**Q** 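Below is the structure I would like to discuss, written out as structure tokens.
What you are looking at is a predicted structure, and each value in this text was computed from that prediction instead of being measured. Protein chains get the first letters and strands the later ones, always in sequence-line order, with residue 1 at the start of each.
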Amino acid sequence: MSPARGVRPLRDGGYRLRLEPHERELLDVLAGELEQRVRTDDASVARLFPSAYTDDPAADDEYRRLTRGSLADGRLRALRTLRDTCTAERLDQREADAWCTALNDLRLVLGERIGVTEDLYERTMDARDPRRPELAIYGWLTWLQSEVVDALVSRLT
Amino acid sequence: MLQVHHEGRAVVSSGTRERAEHDVARLHAAGLWATMQQD
């Protein structure tokens, strides 16, 4: 019997990663697209760089000037790590943390684009909804992120 | 976090402007919404 897909903590302190080849390929593609959007400051990644001052544009500009670079660098580092390790069988702690960050960002941007709200799981999906393919990817990212989070949390207890 | 879940917002940090901005940036790095408010 083959072990289940997903992420499991290993005795050696790392994490076992088991995914289908097409899932690994999809991660590489999605992370590559997001890297490009973060680099070019595309409007679709605005969700990743929120305002700190909603009623003071000058202060907000200053905040962005001071933080935008390091926030973007952190996100690009995590996406790079995800791409570099998307074919790995084992992740170390740093890589697993990066997966968590990158998967969260992928979900936020995709969720924003297709208008995911809190009632997502209470609605029945119309078979003709044009967002179906992206919602399927969103659901899969959610599953994978929960696998990583559960594995990371198991180390805290 | 539970307060955020129920009410949609919560005060999670207070102090000098520099300190609060630093905390806001950490929350933004984690993909969370956070804004500054002067009391």
Side-chain angles (χ1 to χ4, degrees), chain A residues 34 37-38 41 44-79 82 97-113 116-119 138 141-142 145 148-149 152-153, chain B:
Chain A
L34 187 53
R37 289 183 181 152
V38 170
D41 203 4
S44 63
V45 297
R47 175 62 186 84
L48 301 182
F49 303 97
S51 295
Y53 297 87
T54 49
D55 49 7
D56 186 342
D60 202 50
D61 285 350
E62 178 71 356
Y63 169 80
R64 285 175 186 279
R65 193 181 63 74
L66 291 171
T67 60
R68 181 67 169 72
S70 64
L71 283 177
D73 285 350
R75 305 206 126 95
L76 290 171
R77 265 200 307 277
L79 289 164
L82 176 67
D97 288 337
W99 273 57
C100 199
T101 298
L103 290 169
N104 196 40
D105 288 351
L106 286 169
R107 280 185 69 232
L108 285 172
V109 171
L110 180 58
E112 181 91 346
R113 189 163 82 220
V116 167
T117 54
E118 283 188 25
D119 65 355
Y138 184 84
L141 286 171
T142 303
Q145 188 184 15
V148 175
V149 169
L152 292 175
V153 166
Chain B
M1 278 299 168
L2 199 59
Q3 193 184 347
V4 168
H5 184 71
H6 289 307
E7 298 172 27
R9 59 186 299 172
V11 174
V12 295
S13 170
S14 63
T16 64
R17 176 170 169 154
E18 289 71 25
R19 170 71 211 213
E21 275 195 355
H22 174 75
D23 290 340
V24 163
R26 286 179 58 200
L27 292 166
H28 285 178
L32 295 165
W33 265 310
T35 55
M36 302 275 293
Q37 180 182 310
Q38 190 171 7
D39 289 327

**Q** Could you pull out all residues at least two apart from A:Glu112 that satisfy side-chain contact (heavy atoms from CB on, under 4.5 Å)?
**A**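 Applying side-chain contact (heavy atoms from CB on, under 4.5 Å) to A:Glu112 gives A:Arg47.
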
**Q** Looking at B:Ala25, B:Ala30, B:Ala34, which has the largest count of heavy-atom pairs under 4.5 Å with chain A?
**A**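 Result: the option with the highest number of such pairs is B:Ala25.
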
**Q** Identify which part of A:Ala59 has an atom lying under 4.5 Å from any heavy atom of chain B, answering side chain, backbone, both or neither.
**A**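 Both parts, backbone and side chain.
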
**Q** I'd like to know if B:Arg19 and B:Asp23 make a salt bridge, using a cut-off of under 4.0 Å between side-chain N and carboxylate O.
**A**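 Salt bridge present between B:Arg19 and B:Asp23.
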
**Q** Can you say whether B:Arg26 sits under 4.5 Å from chain A via the side chain, the backbone, both, or neither, judging by heavy atoms?
**A**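 Contact with chain A is absent: no heavy atom of B:Arg26 under 4.5 Å.
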
**Q** Whether A:Arg64 engages the ring of A:Phe49 as a cation-pi pair (distance to the six-membered ring centre under 6.0 angstrom, angle to the ring normal within 45°) should be assessed.
**A**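 Relative to the ring axis of A:Phe49, which defines the angle, A:Arg64 lies outside at least one limit.
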
**Q** Going by heavy atoms in the side chains, are B:Gln37 and B:Arg9 under 4.5 Å from each other?
**A**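 A side-chain contact under 4.5 Å exists here.
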
**Q** Tell me, for A:Leu48 versus chain B, whether the close heavy atoms (under 4.5 Å) come from the side chain, the backbone, both or neither.
**A**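 Answer is backbone: N, CA, C or O of A:Leu48 sit under 4.5 Å from chain B.
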
**Q** Is A:Ser51 close to chain B through its backbone or its side chain, or both, or neither, when contacts mean heavy atoms under 4.5 Å?
**A**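 The backbone, not the side chain.
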
**Q** What I'd like to find out is whether the side chain of A:Arg68 reaches to under 4.5 Å of the side chain of A:Asp41, using heavy atoms alone.
**A**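 They are in contact (side-chain heavy atoms under 4.5 Å apart), so the answer is yes.
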
